[in-house]
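Below: the structure, in structure tokens.
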Amino acid sequence: MSPETARDSERVWSLADRQHGVVTRRQLLDAGFSPDEIDGRVARGRLHRLWRGIYAVGRPRLTRLGWWSAAVLACGDGTVLSHDSAAALWRIREATPGHDGERDRPRTIHVSVSATRSPRRTGIRVHRRRLLSDSEWTRRSGIPVTTPARTLIDLAALHCSNHLEACVNEADKLGLIDPEALRSEVERRGGTDGAPVLRRVLDRRTFRLTDSELERRFLRLVRGTRLPAPRTQQRLNGLRVDFYWPGLKLIVETDGLRYHRTAAQQSKDRVRDQQLIAAGFTVIRFTHAQVAFEAEAVAQTLRAIANRIASTSPPIGPKTARDPD
């Protein structure tokens with residue numbers, strides 16, 4: 001390989017490395033390659049055509065990031081990954097199964113473009129937008145993508161509430177969104193497709209479940225542990241608690257998002273728990289999201305703690321000592 005050819009290859013690989021293994025014809029031309037040189041590399045198998053003017057460098061198989069990057073590049077300037085594909089990039093939902101024979105190639109890639117453009121590419125679903133402000137997109141792994149908040153709004157236009165609520169929960173767990181900030185963003189985007197649906201989900205999610213609704217969910221979970229049913233809304237040591245097993249002196253508190261996310265409320269919760277522990281109780285605290293989406297993990301934790309307490313305490317009989325009020 002001549003020094004000039006080596007330098008050319010290095011330029012191609014350097015460019016492709018920043019874009020997960022893909023380059024565009026325009027980028028190659030801007031880098032100094034002639035049309036004949038590009039076509040020659042295609043003929044020799046050094047460039048592999050994905051879409052018109054979009055090439056994989058070195059080998060035709062790409063990672064999922066490579067396919068997402070290629071789709072954004074294929075649809076031109078101003079294109080961003082969006083909807084299901086953005087959700088997969090943010091890891092707030094699972095990526096769709098791969099294309100037949102190619103595990104990492106998505107069956108459909110979602111992108112958003114300006115309403116004035118309508119690119120057509122096989123395997124790419126294009127969403128045309130009247131406006132996508134700078135505050136609604138960013139870059140992740142070098143790929144232009146809608147922000148987590150905007151992604152959730154977009155998902156609300158495509159999916160049922162249960163699926164959407166799971167995505168909100170995952171984004172919250174990953175620290176990508178704050179439910180209250182998301183609620184404000186939804187209010188600002190009130191006329192956007194998906195915003196009304198997401199607002200209803202957030203109204204249900206970020207405001208604490210009613211006592212009866214949360215109680216039903218948690219009691220269904222408890223039945224799977226083979227523990228006796230707990231007492232609900234008891235007053236112990238001068239404090240009202242959510243769920244209580246007298247024979248174990250075990251308390252479970254369930255935290256809704258609105259009432260338990262602030263630093264001030266979390267501090268109050270810690271003081272409250274310390275008072276109960278000092279009075280001889282065991283206190284476990286689960287979030288609403290854990291009860292709603294991680295029931296099996298909650299049940300395992302609850303069962304393990306109950307078994308530990310039982311193994312170090314006298315057998316539970318039909319009568320128990322009176323607990324402090």
Should we say atom CG of Asp193 is surrounded by more than 12 heavy atoms from elsewhere, each under 6.0 Å from it?
no
Above 12 or not: heavy atoms from other molecules or residues under 6.0 Å from CZ of Arg128?
yes
Shortest non-hydrogen separation from Ser69 to Ile143 and the atoms involved:
N-CD1, 4.0 Å
Side chain of Arg59, backbone of Arg61: donor and acceptor closer than 3.5 Å?
yes
If you look at every heavy atom in Ser135 and Thr147, which pair is closest and at what distance?
O-CG2, 3.5 Å
Test: Arg41 and Asp36 ion pair at under 4.0 Å
no
Hey, are the side chains of Arg125 and Ile109 touching, using non-hydrogen atoms and a 4.5 Å cut-off?
no
Under 3.5 Å: donor-acceptor pair, side chain of Gln19, backbone of Val22
yes
Tell me whether Asn307 at atom CG has more than 12 heavy atoms from other residues, nucleotides or ligands lying less than 6.0 Å away.
yes
Examine distances only and state if a side-chain atom of Thr151 and a backbone atom of Thr146 form a donor-acceptor pair shorter than 3.5 Å.
yes
Are Ser82 and Trp137 packed together at the side-chain level, in the sense that at least one heavy-atom pair is separated by less than 4.5 angstrom?
no
For residues Ile305 and Phe218: do they belong to one hydrophobic cluster (side chain heavy atoms under 4.5 Å, members Ile, Leu, Val, Met, Phe, Trp, Tyr)?
yes
Under a 4.5 Å cut-off applied to non-hydrogen side-chain atoms, are Leu164 and Val197 in contact?
yes
Considering residues, nucleotides and ligands other than Arg52, do more than 12 of their heavy atoms fall under 6.0 Å from its CZ?
no
Backbone N/O of Ala149 and side chain of Glu185: donor-acceptor pair under 3.5 Å
no
Identify whether NZ of Lys or CZ of Arg in Arg105 sits under 6.0 Å from the centre of the six-membered ring of Trp67 and within 45° of that ring's axis.
yes
Is there a side-chain contact between Val145 and Arg139, using heavy atoms and a 4.5 Å cut-off?
no
Is the shortest side-chain heavy-atom distance between Thr108 and Ile124 below 4.5 Å?
no
When you compare the side chains of Glu187 and Ser184, does any donor N or O come within less than 3.5 Å of an acceptor on the partner?
no
In the single-linkage hydrophobic clustering (I, L, V, M, F, W, Y; side-chain heavy atoms under 4.5 Å), do Leu81 and Leu155 co-cluster?
yes
Any side-chain heavy atom of Leu28 sitting closer than 4.5 Å to one from Tyr55?
yes
Given salt bridge (charged side-chain N to carboxylate O under 4.0 Å, His left out), test Asp39 with Arg25 step by step and report yes or no.
CA-CA 10 Å; Asp39 293 341; Arg25 190 176 185 87; 3.3 Å; yes
Between Trp245 and Ala229, what is the shortest heavy-atom contact and its length?
NE1-C, 4.2 Å
Pro144 pairs by side-chain contact (heavy atoms from CB on, under 4.5 Å) with which of Val72, Thr79, Val111?
Val72
For the residue pair Ser112 / Arg129, report whether a side-chain donor-acceptor contact shorter than 3.5 Å exists.
yes
What pair of heavy atoms forms the shortest contact from Thr192 to Ile153, and how long is it?
CG2-CG2, 4.0 Å
State yes or no: do Leu152 and Leu158 share one hydrophobic cluster built from I, L, V, M, F, W and Y residues joined by side-chain heavy-atom distances below 4.5 Å, directly or via other members?
no
Arg189 bridged to Asp154 by N-O distance under 4.0 Å
no
